[in-house]
Amino acid sequence: MTTTHPPSGPLRIGMVGYGFMGAAHSHAWRTAHRFFDLPLTPELRTIAGRTASAVQDAAQRYGFAQSTTRWQDLVEDPEIDVVDICTPGDTHVEIALAALAAGKHVLCEKPLANSVEDSARMTEAAAAASARGARSLCGFSYRRTPALAYARQLVAEGAVGEIRQIRAQYLQDWLSDADAPMTWRLDKELAGSGALGDIGAHIIDLTQWLSGQRIAQVSGTLETVVPTRPAAGTAQGLGGKGDASGERQAVTVDDVALFTARFESGVLGSFEATRVAQGRKNAMRVEINGSDGSIAFDFERMNELEVYDATAAPGRQGFTRVLTTEPEHPYAANWWPTGHGLGYEHTFTHQIADLVTAIGEGTDPSPSFEEALQVQRVLAAVESSASDGSRWTTTDSQEATR
Ligand code: SOE
């Protein structure tokens with residue numbers, strides 16, 4: 001099926017899922033064309049979810065014209081142009097394959113799927129669909145933070161010189177409380193992995209994108225710090241409340257992922273992803289050290305990029321705090337006067353603006369499913385490495401106790 005659009009016509013959106021990502025994506029679909037000149041105007045048509053009353057509420061709250069309990073309705077509806085997948089990772093492959101085969105454009109949340117095999121199937125289908133005019137994008141939204149998009153420009157133009165070392169952390173603490181209840185993010189069958197895939201995927205994608213280099217080798221450790229949690233209550237998602245039964249269920253994913261990586265150039269990277277870093281709310285940090293300087297970023301200060309220029313005059317060297325709200329910084333000119341700052345939700349609006357522009361221009365947006373497949377390969381390699389306990393060397397003659 002060939003996918004075409006009348007110029008400047010509507011782009012009719014179908015969404016599957018209505019949780020945190022459904023809310024963030026819906027906000028972006030509603031706002032992108034009001035702040036960016038886009039070739040097509042998104043229209044929120046149908047949202048799909050398993051629970052009729054909940055998805056009807058979501059349709060009203062997010063601004064969709066109608067709701068359904070069958071995601072297949074979006075695929076079968078000729079009045080839907082885009083299928084936006086905002087569900088847990090175990091459902092991505094089935095929905096994406098069906099939508100691509102039906103000629104829909106597909107935006108799929110990260111990680112792309114729960115396995116390399118499923119990600120590869122999605123990538124193959126996306127390539128075939130592209131030849132028929134259907135575009136696909138994986139939702140690594142942090143790339144569209146102005147400070148990080150600017151950091152990539154700096155690295156690409158040689159501002160840090162030859163890259164010597166890369167380090168990245170993604171620190172959250174919403175699971176620090178041992179009685180925080182079960183949620184789909186803690187179930188391997190649904191989420192694929194824990195901190196590793198949920199937030200580690202972001203820093204894997206970002207460091208490869210910023211450096212222009214793929215990760216070739218890893219050595220990692222995964223740890224489930226809190227092995228059981230109260231059964232989920234009514235409020236699912238981040239920080240919901242447990243039910244009154246007192247029953248505890250097994251957590252089947254990691255709370256902490258630590259790994260070292262060797263990029264294809266041989267550069268070493270160190271990575272940490274955790275959801276029990278008490279006090280760290282959404283501290284997604286990346287630092288790149290080069291022969292001529294460094295860049296450093298922390299999402300908890302998302303409008304700032306720290307830049308160190310080792311070529312500056314001796315005595316004048318030091319990290320400079322660049323406030324990335326100037327018109328010269330990516331996306332910033334479309335918003336507020338300098339210094340007024342942007343938020344987490346703006347990265348999703350930028351993502352939608354770039355996707356709609358690509359659809360209108362007939363080009364393939366990035367990150368592609370193939371780029372997301374590479375992230376999946378790194379996730380799988382870390383899991384494989386962590387499953388081999390032989391890496392640990394004891395510091396004395398005693399056998400390791402864990
Ligand atoms: C939870 O850890 C989460 O919602 C991730 O799933 C998102 O990808 C990230 O943007 C914010 O934190």
Side-chain angles (χ1 to χ4, degrees), residues 15-28 84-92 107-114 137-149 168-177 180-188 190-207 209 222 224-226 229 232 235-240 251 253-257 271-286 297-302 342-352 367 371-372 375-376 378-379:
M15 179 177 289
V16 188
Y18 48 80
F20 178 9
M21 288 301 110
H25 285 221
S26 300
H27 174 85
D84 185 357
I85 304 172
C86 296
T87 50
D90 64 315
T91 61
H92 291 180
L107 169 56
C108 184
E109 258 300 321
K110 40 53 62 184
L112 190 61
N114 286 357
L137 178 74
C138 185
F140 287 107
S141 52
Y142 286 124
R143 291 189 181 196
R144 291 172 161 98
T145 307
L148 288 170
Q169 300 172 312
Y170 199 150
L171 314 176
Q172 294 181 338
D173 72 355
W174 60 279
L175 289 174
S176 296
D177 178 356
M182 281 303 290
T183 169
W184 67 265
R185 282 184 166 85
L186 301 177
D187 180 337
K188 187 172 181 61
L190 301 179
S193 63
L196 176 65
D198 181 23
I199 50 180
H202 279 299
I203 52 181
I204 292 167
D205 175 67
L206 270 179
T207 52
W209 179 67
L222 301 177
T224 303
V225 173
V226 178
R229 290 186 177 274
Q236 280 280 328
L238 308 188
V251 173
V253 297
D254 54 285
D255 292 318
V256 179
F271 292 79
E272 175 184 6
T274 172
R275 300 184 296 200
V276 294
Q278 194 75 272
R280 300 299 182 194
K281 301 308 175 181
N282 201 43
M284 195 272 291
R285 301 168 174 171
V286 178
F297 174 80
D298 181 344
F299 190 80
E300 289 187 351
R301 303 170 72 102
M302 70 166 283
L342 301 182
Y344 176 73
E345 74 281 11
H346 291 87
T347 68
F348 290 89
T349 300
H350 302 160
Q351 178 172 263
I352 294 303
E371 291 173 275
V375 173
Q376 208 80 45
V378 178
L379 296 175

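Remember, it's 1-based here, ligands and their atoms both numbered in the order they're listed. Not measured: the values here are computed from a predicted model. Numbers for residues simply follow the sequence, beginning at 1.
One finds no salt bridge joining Arg275 and Asp255 here, because no Lys/Arg side-chain nitrogen approaches an Asp/Glu carboxylate oxygen to under 4.0 Å.
Using 4.0 Å as the threshold, Met284 has no heavy atom nearer than that to any atom of ligand 1. For Glu109, the closest heavy-atom approach to ligand 1 does not fall below 4.0 Å. Within the 4.0 Å heavy-atom shell around ligand 1 one finds Tyr170.
A pairwise comparison of heavy atoms in His92 and Glu109 identifies CE1-O, 3.3 Å as the closest pair. Across all non-hydrogen atoms, the minimal contact from Leu186 to Leu175 is CD2-CD1, 3.4 Å.
A side-chain contact (heavy atoms from CB on, under 4.5 Å) with Phe299 holds for exactly one of Thr145, Val286, Leu148; it is Thr145.
Close approach to Tyr142 involves these atoms of ligand 1, each under 4.0 Å from a residue heavy atom: 9 (C), 10 (O), 11 (C). Near Phe20, meaning under 4.0 Å from one of its heavy atoms, ligand 1 places the atoms 4 (O). Close approach of ligand 1 to His202 (heavy-atom distance below 4.0 Å) involves ligand atoms 7 (C), 8 (O), 9 (C), 10 (O). Residue-ligand proximity, Ile199 to ligand 1, at heavy-atom distances under 4.0 Å covers atoms 2 (O). Near Tyr344, with a cut-off below 4.0 Å to any heavy atom, the atoms of ligand 1 are 9 (C), 10 (O), 11 (C).
Ring geometry, Phe348 versus Tyr344: the interplanar angle exceeds 60°, so the pair is classed perpendicular (tilted spans 30 to 60°).
Geometrically, ligand 1 and Arg185 share a nitrogen or oxygen pair separated by less than 3.5 Å.
Here OH of Tyr142 is found 8.5 Å from CD1 of Ile199. Values are rounded to the nearest 0.5 Å.
Among residues two or more places apart in sequence or in another chain, the salt bridge (charged side-chain N to carboxylate O under 4.0 Å, His left out) test is passed with Asp173 by Lys281.
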List the atom pairs, with distances to 0.1 Å, where a side-chain N or O of residues 200-207 and a protein N or O form a donor-acceptor pair under 3.5 Å, not counting sequence neighbours.
unit_1 : atom_1 : unit_2 : atom_2 : d
Asp205 : OD1    : Arg143 : NE     : 3.4
Asp205 : OD1    : Arg143 : NH2    : 2.7
Asp205 : OD2    : Arg143 : NE     : 2.8
Thr207 : OG1    : Ile203 : O      : 2.8
Thr207 : OG1    : Ile204 : O      : 3.1

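Contacts of Phe140 with ligand 1, taken as heavy-atom pairs under 4.0 Å, are absent altogether. Under 4.0 Å from ligand 1, the heavy atoms of Gln172 that appear belong solely to its side chain.
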